[in-house]
Amino acid sequence: MPATPAWPPKSAPRLFVEDELGTGRTIAVEDNQANYLARVMRVTEGDAVILCDDLTGEWATRVTQVDKRRVELEVGQHLRPREPVPDFWLCPALLKKDRFDLVLEKATELGVARIAPVVTRRCVADKLNPERADTIVTEAAEQCARTALPEIAPVAKLDALLRDWPQDRHLFFADEEGGEPAADAFCYAEGPAALLVGPEGGFDDAERAAIRAHAASVAISLGPRILRGETAAIAGTAVWMAEAGDWLDEE
C-alpha cells in the first residue's frame, strides 16, 4: 500500500495571526492574508494551513471556507510550542529604507529577540514606519518557520538608549576603530546581551567616546574591513548566534 502522505504537508502556507490558537477553534483571516491564501496559494476547502500566534506556537489548521476577502480555518493539531528565543537584542542605527528593511528581515531570520532602532548624528533617516517594519519581520518569520516574532522597540536617540540601558545587559559595540574580536567577546560573556551597530558614516568621536565610557559597553571588532551598516548588523548577529546563541549544539 502507498504510504499515507504527511499532514500537514511541508508545502502548506504559514501565517501569523493575532488570535490565540487552540484545538477546535475557528480562525478567520481577512484582507491581505485572505488574498494571499485564496489568490496566491489558491487554497480550497480541506487544504492545510499552518498558523502561529506568537503565544502558544505552531498549529495545523484546515480551510473550511474560502471567499475573496475572508478565509476560515479550523484549528487542529498543535505542532510546536513557541520557540525559546536567545536573550539577544540588535540595536542598529537607522539606514536608508531598503537597507534597513534587509536588517529587519535578516535579524528575524537569525533569531533575535528584540530589534531596537537607534538614531545617531550621521544617520540619513530618523523615522521608521512601524506597520511596514511589523510586516517585514512577520513575513520573514513565516518564511523561515519561526514560531516567535521579534519585538520592535520604538526608535530612540543614542543618548537616550545609553541613559536607559539595563545594568545587567552587555552592550557589545561594533567599533570600526577596533576592539576585542567579536567571537572571543561573545564566547566569554554570559547573560543578556545586545549588539550596537552604527550608520553608513559610522559613529562620530563624541558618540564613540560616550559608548565606550558606558559601564555595560564592550568594544568589539568585526574583522579587518569596514562593513556597511547592514552587513555589520547581520554579520555580528550571526557570530553571536554561533558563539553564544541558539546555533550551539546543546546535546
Side-chain angles (χ1 to χ4, degrees), residues 14 16 50 52-58 78-93 95 100-118 128 133-156 161-162 164-175 179-198 211 214-223 227 229-251:
R14 300 182 80 258
F16 274 85
I50 297 172
C52 299
D53 60 7
D54 200 25
L55 293 170
T56 62
E58 181 181 84
H78 190 203
L79 301 175
R80 289 191 292 160
R82 187 180 189 274
E83 68 196 62
V85 180
D87 194 358
F88 179 75
W89 299 356
L90 177 62
C91 304
L95 307 169
F100 201 77
D101 288 352
L102 183 66
V103 172
L104 292 171
E105 178 182 274
K106 300 311 175 186
T108 302
E109 292 181 19
L110 288 166
V112 303
R114 189 172 192 255
I115 302 169
V118 184
L128 180 67
D134 285 341
T135 297
I136 290 169
V137 301
T138 300
E139 291 180 352
E142 291 167 353
Q143 288 291 324
C144 71
R146 280 194 70 168
T147 58
L149 295 173
E151 175 191 356
I152 302 179
V155 174
L161 181 85
L162 296 177
D164 299 332
W165 194 257
Q167 296 181 354
D168 63 343
R169 183 174 297 274
H170 298 291
L171 178 59
F172 294 107
F173 162 43
D175 189 350
E180 185 177 359
D184 293 344
F186 296 159
C187 185
Y188 295 110
E190 298 181 354
L195 174 64
L196 174 61
V197 180
I211 298 167
H214 195 281
S217 175
V218 179
I220 62 168
S221 169
L222 293 175
L227 304 179
E230 67 272 24
T231 308
I234 296 166
T237 300
V239 174
W240 191 90
M241 288 297 175
E243 295 293 338
D246 60 6
W247 290 11
L248 293 173
D249 184 2
E250 299 292 348
E251 298 181 358

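Between the side chain of His214 and the backbone N or O of Ala216, at least one donor-acceptor pair lies under 3.5 Å. Distance alone, capped at 3.5 Å, places no donor-acceptor pair between the Thr237 side chain and the Ala107 backbone. Of the possible donor and acceptor atoms, none in the side chain of His78 sits under 3.5 Å from a partner among the backbone N and O of Gly57.
Pairing each heavy atom of Ala141 with each of Leu149, the nearest pair is CB-CD2, 3.6 Å. The minimum heavy-atom distance between Leu222 and Ala232, with the atom names listed, is CD1-O, 3.6 Å. Closest approach of Pro192 and Asp168 over heavy atoms only: CD-O, 3.7 Å. The two atoms that bring Val137 and Leu104 nearest to each other are CG1-O, 4.0 Å, heavy atoms only. Looking at every heavy atom in both residues, Ala174 comes nearest to Val197 through CB-CG2, 4.3 Å. When all heavy atoms of Asp175 and Ala219 are compared, the pair lying nearest together is CB-CB, 4.5 Å.
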With a cut-off of 3.5 Å and sequence neighbours excluded, list every side-chain donor-acceptor pair involving residues 79-93.
| from | atom 1 | to | atom 2 | distance (Å) |
| --- | --- | --- | --- | --- |
| Arg80 | NE | Glu58 | OE1 | 3.2 |
| Arg80 | NH2 | Glu58 | OE2 | 2.9 |
| Arg80 | NH2 | Ala145 | O | 2.8 |
| Arg82 | NE | Asp54 | O | 3.0 |
| Arg82 | NE | Asp54 | OD1 | 3.1 |
| Arg82 | NH2 | Asp54 | OD1 | 3.1 |
| Glu83 | OE1 | Thr147 | N | 2.6 |
| Glu83 | OE1 | Thr147 | OG1 | 3.1 |
| Glu83 | OE2 | Arg146 | NE | 3.3 |
| Asp87 | OD1 | Arg169 | NH1 | 3.1 |
| Asp87 | OD1 | Arg169 | NH2 | 2.8 |
| Asp87 | OD2 | Arg169 | NH2 | 3.3 |

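Phe16 contributes atom CZ, which lies 7.0 Å from atom OG1 of Thr138 (distance to the nearest 0.5 angstrom). Within the model, atoms CG of Leu196 and OG of Ser217 stand 8.0 Å from one another, a figure rounded to the nearest 0.5 Å. Interatomic distance, CD of Glu243 versus CG of Leu248, reported as 7.5 Å (0.5 Å rounding).
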Requested in this report: Using the side-chain contact (heavy atoms from CB on, under 4.5 Å) rule, take Phe186 and Val218 through it: C-alpha gap first, then chi angles, then the decisive distance, then the call.
Outcome: CA-CA 10 Å; Phe186 296 159; Val218 179; over 6 Å; no
Query - side-chain contact (heavy atoms from CB on, under 4.5 Å) assessment of Thr108 paired with Ile136 - result: CA-CA 9 Å; Thr108 302; Ile136 290 169; over 6 Å; no
Report task. Step by step, work out the side-chain contact (heavy atoms from CB on, under 4.5 Å) result for Leu102 and Ile234. Result -> CA-CA 9 Å; Leu102 183 66; Ile234 296 166; 4.1 Å; yes
Query raised in the report: Under the side-chain contact (heavy atoms from CB on, under 4.5 Å) criterion, do Val103 and Ile115 qualify, and how do the steps go?
Result: CA-CA 9 Å; Val103 172; Ile115 302 169; 5.6 Å; no
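Taking the side-chain hydrogen bond (donor to acceptor under 3.5 Å, both in side chains) definition, one finds that Thr135 meets it with nothing, sequence neighbours left out.
The pair Arg14-Glu142 does not meet the salt-bridge criterion, since no charged nitrogen lies less than 4.0 angstrom from a carboxylate oxygen.
Other residues, nucleotides and ligands place more than 12 heavy atoms under 6.0 Å from the CD atom of Glu151.
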